[in-house]
Amino acid sequence: MINGATQIFGILGRPVSHSLSPAMHNAAFAALGINAVYVPFPVQELAAAVQGIRGLGLRGVSVTIPFKEEIIPLLDEVDRKAQAIGAVNTVVNREGRLYGSNTDWEGALLALERHTDLSGRRVLVLGAGGAGRAVVFAVQQAGGQVWVADAEEAKAQLLAQEMKVTALTLADLTAVSADILINATPVGMIPQSEALPVAPELLDRFRVVMDLVYRPVQTRLLQEAAKRGAKTIDGLQMLLYQGGRQFELFLGQPAPIEVMRQALATALKRE
Ligand code: NAP
């Protein structure tokens with residue numbers, strides 16, 4: 001029940017109506033009997049919204065598209081990992097000071113490590129946007145070697161230079177003998193769910209394929225990869241684990257991951 005002592009959390013984005021984070025976090029609060037709510041904030045002006053976190057005493061917020069980079073200079077402190085990635089997806093309000101961090105990379109790492117070892121492995125990452133950068137950071141933290149490609153070659157080259165990995169062009173993806181493929185582009189998301197980010201023939205070479213897209217959960221990329229015998233990791237795993245880490249940063253206690261997993265599944269079924 002909402003009362004005078006209810007703590008308020010939320011998500012800043014535009015649009016945010018599609019977000020599964022409210023379902024995941026509110027289910028977690030309810031399961032643990034925490035007097036808190038998590039609401040979507042469709043942001044009109046980011047600087048004013050960030051002032052609003054302070055002004056209204058919100059306890060913490062998630063940050064999503066298109067604000068993960070733009071929010072950085074508006075915060076009081078940003079941890080070194082989020083700075084290295086260049087994106088913040090979590091803000092915690094500690095007595096009026098706003099601390100930014102990034103849990104996308106931890107979500108990606110936890111999802112990957114449940115299915116594969118990364119140390120010394122060669123990983124091809126498609127997409128050099130904010131999600132691609134978080135994934136590259138995760139693989140590096142676990143001792144993997146990364147090649148990155150993006151439809152915008154200059155973007156892949158910039159990421160490669162900043163994060164000390166190798167850029168490839170889309171025409172030249174066979175130049176690396178990677179056996180893990182990660183799609184960090186929006187290709188394959190509904191309504192374009194028949195689209196593939198790479199030619200299907202290329203999939204023969206990968207032992208593990210992870211897709212960050214989670215609408216649909218079983219993307220065409222994952223289906224084609226599974227047909228060819230690859231182990232597949234869907235985008236819901238990363239979403240779940242980044243949300244779990246976020247819950248821990250918000251409240252300083254372990255997240256009820258199974259409750260959050262169930263909430264995601266239920267919310268998706270309702271769509
Ligand atoms: P973004 O900033 O738009 O970056 C995506 C990049 O991929 C763009 O530079 C885009 O280039 C490029 N691209 C498009 N098609 C490509 C192709 N066939 N091959 C290589 N590169 C291609 O998006 P983002 O924020 O990084 O997010 C990417 C995806 O990850 C989204 O679908 C998002 O929903 C998902 N995501 C999932 C999670 C999760 O927890 N599962 C977390 C974060 C993000 P152009 O701009 O030229 O098209």
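Read the numbers this way: they start at 1 and go in the same order the structure lists the ligands and their atoms. For this chain, numbers begin at 1 and follow the sequence in order.
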Report the member of [options] with the shortest heavy-atom distance to [atom].
atom	options	value
atom 43 (C) of ligand 1	G130, G107, A131	A131
atom 42 (C) of ligand 1	R215, M238, Q242	M238
atom 5 (C) of ligand 1	A151, P186, A108, A87	P186

What part of [X] sits under 4.0 Å from ligand 1 if we count only heavy atoms: the side chain, the backbone, both or neither?
X	result
L239	both
R133	neither
L170	side chain
A184	backbone

Starting from [atom], find the nearest protein heavy-atom neighbour and note its residue, name and distance.
atom	value
atom 37 (C) of ligand 1	L212 O, 3.3 Å
atom 34 (O) of ligand 1	M189 SD, 4.5 Å
atom 18 (N) of ligand 1	P197 O, 3.6 Å
atom 15 (N) of ligand 1	V187 CG2, 3.3 Å
atom 16 (C) of ligand 1	T185 CG2, 3.6 Å
atom 33 (C) of ligand 1	I65 CD1, 4.8 Å
atom 12 (C) of ligand 1	D150 OD2, 3.3 Å

Shared ILVMFWY cluster between [X] and [Y], side chains joined below 4.5 angstrom?
X	Y	result
L222	V198	yes
F29	M260	yes
M163	V123	yes
L170	F206	yes
I233	V139	yes

Note, T64 side chain near S19 side chain (heavy atom, < 4.5 Å): no

Heavy-atom check, side chain of L168 versus side chain of L124, under 4.5 Å: yes

CD (E248) with more than 12 external heavy atoms under 6.0 Å: yes

Enumerated ligand 1 atoms positioned under 4.0 Å from heavy atoms of [X]:
X	value
K155	8 (C), 9 (O)
E152	45 (P), 46 (O), 47 (O)
G235	39 (C), 41 (N)
G129	2 (O), 4 (O), 26 (O)

Trace of the side-chain hydrogen bond (donor to acceptor under 3.5 Å, both in side chains) decision for D234 with T219: CA-CA 8 Å; D234 66 56; T219 58; over 6 Å; no

K231 (side chain) donor-acceptor with H115 (main chain) under 3.5 angstrom: yes

Distance-only side-chain donor-acceptor flag, R54 / Q51, under 3.5 Å: yes

Test salt bridge (charged side-chain N to carboxylate O under 4.0 Å, His left out) applied to D179 - qualifying residues, sequence neighbours left out: R121, R207

Does some non-hydrogen atom of the protein lie less than 4.0 angstrom from [atom]?
atom	result
atom 47 (O) of ligand 1	yes
atom 28 (C) of ligand 1	yes
atom 7 (O) of ligand 1	yes

From CA spacing to verdict: salt bridge (Lys or Arg N to Asp or Glu O under 4.0 Å), E106, K81: CA-CA 10 Å; E106 291 176 276; K81 287 174 174 157; over 6 Å; no

